2 protein chains.
Amino acid sequence: MDNETITIYDVAREAGVSMATVSRVVNGNQNVKEATRRKVLDVIERLDYRPNAVARGLASKKTTTVGVVIPDISNSYFASLARGIDDIATMYKYNIVIANSDGDDDKEINVVNTLLAKQVDGLVFLAHDLSDKIRAEFSRTRTPIVLAGTVDHENQIPTVNIDYALAAKDATLELAKNSQKIALVSGPMINAINGKERLSGYQEALRESNQTFSEGLVFETKYSYNDGLKLAERVRASGATAAVVTDDEVAVGLLNGLVGLGVDVPNDFAIISANNSVITEFTRPALSSIEQPLYDLGAVSMRLLTKMMNKETIDEKRVILPHGFVKRGSSK
Amino acid sequence: MDNETITIYDVAREAGVSMATVSRVVNGNQNVKEATRRKVLDVIERLDYRPNAVARGLASKKTTTVGVVIPDISNSYFASLARGIDDIATMYKYNIVIANSDGDDDKEINVVNTLLAKQVDGLVFLAHDLSDKIRAEFSRTRTPIVLAGTVDHENQIPTVNIDYALAAKDATLELAKNSQKIALVSGPMINAINGKERLSGYQEALRESNQTFSEGLVFETKYSYNDGLKLAERVRASGATAAVVTDDEVAVGLLNGLVGLGVDVPNDFAIISANNSVITEFTRPALSSIEQPLYDLGAVSMRLLTKMMNKETIDEKRVILPHGFVKRGSSK
DNA sequence: TTGTAAGCGTTATCAT
DNA sequence: ATGATAACGCTTACAA
């Protein structure tokens with residue numbers, strides 16, 4: 001008695017046409033007489049018919065859904081990217097299915113496979129680095145994939161990034177104007193591609209400003225406020241008088257930690273953060289920061305993906321978006 | 001030549017069994033001889049066969065996907081909820097398709113419909129309030145729906161919330177210990193259900209502490225840092241000496257705005273925020289805050305949804321999670 | 001402009 | 001324990 005699934009067939013019968021015709025009007029095909037269209041539309045309205053996207057997906061081999069693999073949606077950095085992705089996806093009539101990976105290799109492989117099983121039309125992949133295992137998974141499929149905010153050192157997969165090395169270099173150079181001992185505070189993956197890039201930019205800046213590189217000035221930490229806070233003591237003990245920090249939350253923690261220790265920021269210690277997310281404005285002094293177009297990184301990667309799904313020819317598979325620098329109170 | 005879609009049929013032929021048998025082993029059906037299972041599994045491995053979830057969904061009428069309608073995934077409040085939702089979803093083998101609504105009625109209706117068209121097995125709906133239009137959409141479908149962090153004043157739809165009125169009352173009472181003029185800074189929807197609840201809690205607290213309610217002490221604003229910042233002047237001009245703020249970002253803005261105006265927080269002005277998200281620790285002084293179990297709100301609502309999708313009987317359709325209070329430097 | 005019918009890749013119901 | 005075969009609800013040639 002609860003058997004009320006209205007199908008295209010019901011509409012066809014009720015409107016006195018074939019299901020092909022109904023399909024045509026539903027899909028906006030022009031080859032339908034205006035009178036018939038009206039009639040069909042009427043019945044659709046009356047029966048409250050809604051096309052079943054699953055059946056449609058099976059028949060057309062298109063799901064109008066893309067997968068988004070993301071380390072942690074509750075991290076504001078990734079959340080901003082995700083918003084950019086969804087807005088463009090929506091614009092092109094796609095939905096996104098989001099899967100958190102925690103940056104864990106096995107989880108990544110897992111979710112990529114279930115997403116592919118669900119026949120997503122494309123995949124946007126965000127991670128801290130690209131493991132060989134996940135690369136192997138990628139090579140098994142013909143589903144279009146683009147990396148957003150994630151460097152591929154093998155240059156195999158289309159990516160949308162900023163120039164992380166240059167950004168780190170710029171920030172370091174900025175600090176070198178006033179400081180002789182500049183620390184680099186990086187995420188847990190200094191050996192990851194993304195971290196490597198930043199490290200090399202940092203080192204290059206040191207060379208150009210005739211400062212010597214020292215392992216003791218490089219700090220690795222997890223991406224959280226508390227980790228930054230805890231790090232303050234060690235950083236001060238290192239004798240550094242400035243730091244480039246690759247994560248905003250960590251930078252806030254470091255700043256608050258140092259200030260809590262009685263350090264005068266920016267006079268005794270200068271800080272430049274990396275993402276210019278809104279939280280850089282929350283602190284006192286506010287954080288100077290490299291400016292990353294987070295939303296755009298997501299938006300552009302999704303746009304790129306639409307082109308790939310559409311089999312358009314891609315002129316440039318490695319998009320580099322410009323970054324900037326915003327000077328606030330934490331540096332001189 | 002690129003015609004390499006491996007189907008269950010290919011596996012069947014290759015293994016010398018029927019597709020029914022292949023389907024059985026893929027689905028872990030016990031009625032398969034161990035030898036046959038092995039043989040089939042072998043072929044699956046060799047052919048690198050992956051079941052097509054879309055076809056499966058059409059045949060079984062289950063997609064193992066749930067829709068999540070969310071105002072803005074880049075807002076840390078909602079992002080935390082989303083993470084809770086996804087973790088539990090994953091635990092129960094569901095994927096989530098997320099759609100941003102910007103809290104806009106029309107967009108909400110839109111995405112709900114496309115989600116339903118995609119045959120999601122269930123829906124988690126987050127919003128600032130529940131419009132009649134969206135309620136009408138909900139009543140048209142038999143797909144299970146639960147509201148997370150969203151009050152339904154008609155008590156029709158299962159919800160998972162905290163007691164917003166009580167939380168606002170608690171915070172106001174806390175401030176009333178030291179202040180005689182307490183402002184309420186609310187989101188754009190003071191007339192929305194959620195806002196109404198908070199307003200009533202605020203008013204109740206005023207009555208209990210013998211303070212008079214004044215329209216001039218209620219401020220509405222959008223949910224952003226800059227809106228809070230801009231509000232500082234007006235709030236100070238109102239003569240208020242304390243404020244309950246219903247959004248963390250706005251609270252940070254208000255705090256920084258007041259401090260920038262030379263106001264001594266907490267001595268001349270006390271602030272209590274609402275969500276205890278991590279940003280409450282970023283400011284100086286740090287923000288006292290109502291403590292909401294954001295992640296749990298998401299997790300519990302998803303758990304509730306799994307029960308509904310599973311047609312289990314639900315004992316309590318209106319779950320209220322406990323809230324707390326964290327005292328920091330912004331209040332005395 | 002419209003209709004017919006063959007898929008799409010599974011699950012599920014009967015038989016056997 | 002296994003196999004045929006009919007759905008599932010739609011798209012898409014191909015005809016007419």
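So that the names make sense, note that chain A is the first sequence line, chain B the second, and so on, each numbered from 1. For clarity, every value in this text was computed on a predicted model and none was experimentally measured. Side chains included, hydrogens not; waters and symmetry mates left out as well; all remaining heavy atoms used.
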Evaluation steps, side-chain hydrogen bond (donor to acceptor under 3.5 Å, both in side chains), between Arg83(B) and Ser80(B)
CA-CA 5 Å; Arg83(B) 185 63 211 257; Ser80(B) 293; over 6 Å; no
Taking it one step at a time, do Val17(B) and Val40(B) satisfy side-chain contact (heavy atoms from CB on, under 4.5 Å)?
CA-CA 8 Å; Val17(B) 300; Val40(B) 171; 4.1 Å; yes
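Interatomic distance, CG of Asp102(A) versus NE2 of His128(A), reported as 8.5 Å (0.5 Å rounding).
Chain B approaches DNA chain D within less than 4.0 angstrom (heavy atoms of the protein), and the contacting nucleotides run 5' to 3' from dA1(D) to dG9(D).
Residue-level contact check: Arg37(B) touches neither bases nor backbone, having no heavy atom under 4.0 Å from any strand. Backbone-only contact: Val17(B) has heavy atoms under 4.0 Å from sugar-phosphate atoms and none from a base.
We find that CG of Leu58(A) is positioned 17 Å from P of dA6(C), with the value rounded to whole Å. Atom NZ of Lys62(A) and atom P of dG9(C) are 14 Å apart (whole Å). Atom CZ of Arg24(A) is separated from atom P of dT4(C) by 11 Å (rounded to the nearest Å). Rounded to an integer number of Å, the gap from CD1 of Ile8(B) to C1' of dG9(C) is 8 Å. Asn31(B) has its CG atom 18 Å from the P atom of dA15(C), to the nearest Å. The nearest whole Å value for the distance from the CD atom in Glu34(A) to the C1' atom in dT1(C) is 13 Å. One interatomic measurement links the two molecules: NZ of Lys33(A) to C1' of dG3(C), which rounds to 14 Å at whole-angstrom precision.
With dG9(C), dT13(C), dG3(C) as the candidates, the nucleotide lying closest to the side chain of Asn52(B) is dG9(C).
In this structure, Glu108(B) does not pair ionically with Lys133(B), as no charged nitrogen and carboxylate oxygen lie closer than 4.0 Å.
Nearest-nucleotide mapping onto DNA chain C: of Gln30(A) and Ala20(A), the residue sitting toward the 5' end is Gln30(A). Comparing Ala59(B) and Ser23(A) along DNA chain D, the residue whose closest nucleotide (by nearest heavy atom) sits nearer the 5' end is Ala59(B).
In this model, the phosphate group of dG9(C) is approached by a side-chain N or O of Lys61(A) to a distance below 4.0 Å at OP1 or OP2. Contact annotation: Asn27(B) side-chain N/O to dT11(C) OP1/OP2 distance is under 4.0 Å. The side chain of Thr7(B) places no N or O atom within less than 4.0 Å of a non-bridging phosphate oxygen (OP1 or OP2) of dC8(C).
Nearest approach of Tyr49(A) to Thr7(A), heavy atoms of both residues: CE1-C, 3.6 Å.
Residues Ile314(B) and Leu304(B) meet the side-chain proximity criterion, which asks for heavy atoms closer than 4.5 Å.
In this structure Asp48(A) satisfies the side chain to side chain contact (heavy atoms under 4.5 Å, CB included) test together with Arg50(A), Arg140(B), sequence neighbours excluded.
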